[in-house]
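Below is one structure, written out as structure tokens; the observations come after it.
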Amino acid sequence: MRLRHITGSENYVKESPKVIHDPSHHKGRWNAVFGNDHPIRIEIGMGKGQFIEQMALENPEINYIGIERYDTVLMKALKKWEEKEKDGTKIPNLYFMSIDARLLGDVFEKEEIDRIYLNFSDPWPKKSHANRRLTSPVFMKVYQQFLRTDGQLEFKTDNEALFTYSLEAIPTAGWHILAETCDLHHDPSMNEGNIMTEYEEKFSAKGNPIFKLIAKM
Ligand code: SAM
């Protein structure tokens, strides 16, 4: 994804109380960050955060962490959260993290995460870049280090090539595909309770079908 750097975004992220700084410090103790023992779900590559914010608002008994590697993008999510705070909306069950997903094995302990969401992950179309795809076996092995044995990974995309690749790559890493659809918005059972992401709104408005799969280890 091509990104325009926004001056000051690093400082903005560094000073936000909503961002967990030095996340590896909390490895194995994330419940203490939230002050309860509710399950913890993460979105990797959350972009501007619409999905995870809405999930957190609708499910106060579940804790959420939005993960984004670019501060320029994360800052936009933080600004949206600040607007909500000004309106008096509190989201105590949501935090953010500025980190590359490759490093998440240093951040979460075995069995610490209940669910992983990957939404509209960058497709990295060149074969030589396949290991950068968030559904590649390289990343699936990272997730295996901290997802609960009975946990799940949910992946949505409008990119058919990435979806087809993922249907092969995920089992290659030893995972199982539990469910899949090639047209989420017209699949009543898979679409139940679906929260749209920014990209999902944009691409489905253009008429693109949305692909989704659910996987477990
Ligand atoms: N999930 C959002 C949505 O559906 O609207 C944003 C999708 S955007 C195409 C993908 C996001 O994933 C980008 O913001 C990108 O910076 C982030 N991302 C890609 N690779 C990542 C990685 N290895 N670790 C953390 N974030 C990553």
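Remember, predicted model here, so these are calculated numbers, not experimental data. Every number for a ligand or one of its atoms is a count from 1 in the order of the listing.
- Each of Tyr95, Phe108, Phe146 was evaluated against Trp30; a single residue qualifies, Phe108, per the ring-ring contact (aromatic ring centres under 6.0 Å, His included) test.
- The shortest N or O to N or O distance between Asp100 and ligand 1 is below 3.5 Å.
- Heavy-atom neighbours of Lys110 NZ from other residues, nucleotides or ligands within 6.0 Å: at or below the threshold of 12.
- For ligand 1 and Glu198, the ligand atoms under 4.0 Å from any heavy atom of the residue are 5 (O).
- Contact check for Phe155 versus Lys212: no side-chain heavy atoms found under the 4.5 Å cut-off.
- Between Asn119 and ligand 1, a contact under 3.5 Å exists for at least one N or O pair.
- Tested against Asn63 for a side-chain hydrogen bond (donor to acceptor under 3.5 Å, both in side chains), the candidates Asn36, Asn31, Asp114 yield a single pass: Asn36.
- Among Tyr117, Trp124, Phe120, the residue whose heavy atom lies closest to atom 9 (C) of ligand 1 is Phe120.
- By the 6.0 Å and 45° rule, Lys202 stacks over the aromatic ring of Tyr199.
- Under 4.0 Å from ligand 1, the heavy atoms of Glu43 that appear belong solely to its side chain.
- The side-chain tip of Arg41 does not point at the ring of Tyr117 from less than 6.0 angstrom away and within 45° of straight on.
- When the options Lys48, Glu68, Gln50 are ranked by their closest heavy atom to atom 14 (O) of ligand 1, first place goes to Glu68.
- Counting non-hydrogen atoms of other residues, nucleotides and ligands closer than 6.0 Å to CD of Glu201 gives a total above 12.
- Taking a cut-off of under 4.0 Å to the non-hydrogen atoms of Tyr70, the atoms of ligand 1 that pass are 16 (O).
- Side chains of Leu134 and Tyr143 form a contact here, defined as non-hydrogen atoms less than 4.5 Å apart.
- Here is the list of ligand 1 atoms found below 4.0 Å of a heavy atom in Leu134: 23 (N).
- Where the criterion is an N or O separation shorter than 3.5 Å, residue side chain and backbone included, Ile44 fails it with respect to ligand 1.
- Between Glu200 and ligand 1, no N or O atom pair is found at a separation short of 3.5 Å.
- Close approach of ligand 1 to Thr197 is summarised as follows: ligand atoms under 4.0 Å from at least one heavy atom of the residue are 3 (C), 4 (O), 5 (O).
- Ion pairing between Lys80 and Glu198 holds under the 4.0 Å rule for side-chain N and carboxylate O.
- For ligand 1 and Ile99, the ligand atoms under 4.0 Å from any heavy atom of the residue are 24 (N), 25 (C).
- Note: no N/O pair closer than 3.5 Å links Val73 and ligand 1 by distance alone.
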